[in-house]
Amino acid sequence: MPVRLLFSQDANDRVSALMVSMTLEEKIGQMTQADYGALKGRVEDVVTYSLGSVLWGGDTEIPDITARGWAATTADLQALSARTRLKIPLLLGVDAVHGHNNVNGAVLFPHNIGLGATRNAALVERVARVTADELTATGIPWDFAPCVAVARDERWGRTYESFGENPELVRELGVAYVKGMQGPRLTDAASALACVKHYVGDGGTTGGKDQGNTETDEETLRRIHLPGYVDAIAAGARSIMVSFNQWNGKKLHGHRYLLTDVLKGELGFKGFLVSDWAAIDQLPGSYKEQIAASINAGLDMVMIPNGPGTDKNYQQFITLLTELVKEGVVPQVRIDDAVRRILEAKDAMGLSDRMSRGQQALEMVGSPEHRAVARDAVRQSLVLLKNSQDLLPLSQNSGRVHLSGRGADNIGMQCGGWTIIWQGKTGDVVVGGTTIRRAVEQAVGSGTKVTFSEDGEGVAGADVAIVVVGEDPYAEMFGDRADLRLSAGDSAVIEKIHASGVPMVVV
Ligand code: BGC
Ligand code: BGC
């Protein structure tokens, strides 16, 4: 296998040689990222349009969601890219934001807010390493993570995707994640390309509104929201996702100053910028104007959830961008710059030389070794807020332990959003795992009895009560909350147990 040095003359020459032979259509194909759902029934479009990338959105379905099923689907897609004239491999990407969370049987990790609470960069690096291992086992070498949002308002529905409110912590853990994901060498079969997101200011919107407006001066934007990117770039990040939000009323997807002048110019970012999900569609004007504005602002690849038959789909994108170049609205040099960035990243990953990692790697998905890392992450993420009368730790021999609360026996609530489906769901999800109730039953000594009722009934006479309360799973704007208090139901259970006089642990 050829030795590939990042940005060596060698890599430059290889990409230049390739680009000389590319048609405009082939170049624009590289800039197009279609959702797998949009390709349904017409995967041949990978060949027809020489697409550069395919993603799976949070709700995009595939026939078989086991690791083996995912590996089969990704292999079929790569086989199509091998039939294009230039045989440039597809860059396949997915949101593995707390482990490879779309795969039945993969190991799930705490969301970033939990990892932030560990304050442990070495641990976060291991988490990302395991995630990269499981991702690449299924043939996906690109992860839309880490999210380096600095969540400044807990009412924001994506707060749990943030490592925390402190820019220093976010930069440290963001770097750890990039290192773990990309591994010692990006060309390694078990290394995946990180995608740092969402650039920039996503966690600083007014009122914590998702996709909102970050109203702040430039000094504050740079001090709070930018540092995560500066360090991630230094750590070797070569892809960054642009954010839905606005900065002082102007959407990032059309923000030439922040995308081109600051990120690519001042910070020297040599990788490529991918849009968020249909995000250019939110810019003013017609689709053609939106394409022109975003590409001219510095966007290199566009994430397109729509297929033919619907508005603003990937065919239209290709047609319109081709027209824009021919009309001189989007300069050819801008296209060449975008394509060079994308191809250099593919080259740095050794994408053309990657082969299926095979059966052995698939067997490691969800393995006990990987789960041990998750267990460690959960343990270290726990935060003890209050321990009156030294109630904790509980003894294994506690007489009768009464468990209650909606979260006590609910694996879906434990996992949260981005778990198999975009929003996650309460109750049973296919990921397996142990509920708190089952774990307590396993942990107590033989003389201890564990009783359970969701609403707290039957607590009287117990020696200790454990109440597990919390939010239903959600993702993105569905999690925006004006009111952060516990639900009436959760409060009622806590009050009921409090009234019984049984010592209570609230989780
Ligand atoms: C989210 C991104 C995600 C993308 C692809 C968007 O809606 O904002 O975080 O990577 O969808 O699923
Ligand atoms: C997709 C997500 C995406 C979201 C954006 C959903 O339908 O599955 O991946 O983040 O839309 O609004």
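Counting convention: from 1, in listed order, for ligands and their atoms alike. Residue numbers start at 1 and run along the sequence shown.
Within ligand 1, the atoms closer than 4.0 Å to a non-hydrogen atom of H198 are 2 (C), 8 (O), 9 (O), numbered from 1 in the order shown. Under a 4.0 Å criterion applied to the non-hydrogen atoms of K197, ligand 1 contributes the atoms 2 (C), 3 (C), 9 (O), 10 (O). Ligand 1 places these atoms under 4.0 Å from at least one heavy atom of R158: 1 (C), 2 (C), 8 (O), 9 (O). Within the listing of ligand 1, atoms 1 (C), 6 (C), 7 (O), 8 (O) sit less than 4.0 angstrom from a heavy atom of E476. For ligand 1, the atoms sitting less than 4.0 Å from at least one non-hydrogen atom of D276 are 1 (C), 2 (C), 3 (C), 4 (C), 6 (C), 7 (O), 8 (O), 11 (O), numbered in the order shown with element in parentheses. Every atom of ligand 1 is numbered from 1 in the order shown, and the set under 4.0 Å from a heavy atom of M241 is 2 (C), 10 (O). Those atoms of ligand 1 with a heavy atom of F244 less than 4.0 angstrom away are 7 (O), 8 (O).
Between K197 and D202 there is no salt bridge, since no side-chain N of the basic residue sits under 4.0 Å from a carboxylate O of the acidic one. Using a 4.0 Å cut-off between charged side-chain N and carboxylate O, K288 and E323 make a salt bridge. A salt bridge between D336 and R340 is absent, with no side-chain N of the basic residue lying under 4.0 Å from a carboxylate O of the acidic one.
Between atom CD1 of residue I304 and atom NZ of residue K312 there is a gap of 11.5 Å, rounded to the nearest 0.5 Å.
Put simply, no part of W56 is less than 4.0 Å from ligand 1, judged by heavy atoms. Heavy-atom separations between E161 and ligand 1 are all 4.0 Å or longer.
With a 4.0 Å cut-off on non-hydrogen atoms, Q33 does not touch ligand 1 at all.
No N or O atom of W277 sits closer than 3.5 Å to an N or O atom of ligand 1.
A donor-acceptor pair shorter than 3.5 Å cannot be found between the side chains of T205 and N245. E215 and T206 are linked by a side-chain donor-acceptor pair at a separation below 3.5 angstrom, with hydrogens and angles left out of the test. Side chain to side chain, D217 and T220 meet the donor-acceptor criterion of an N or O pair below 3.5 Å.
Classified by interplanar angle (parallel below 30°, tilted 30° to 60°, perpendicular above 60°), the ring pair F244/H253 is tilted.
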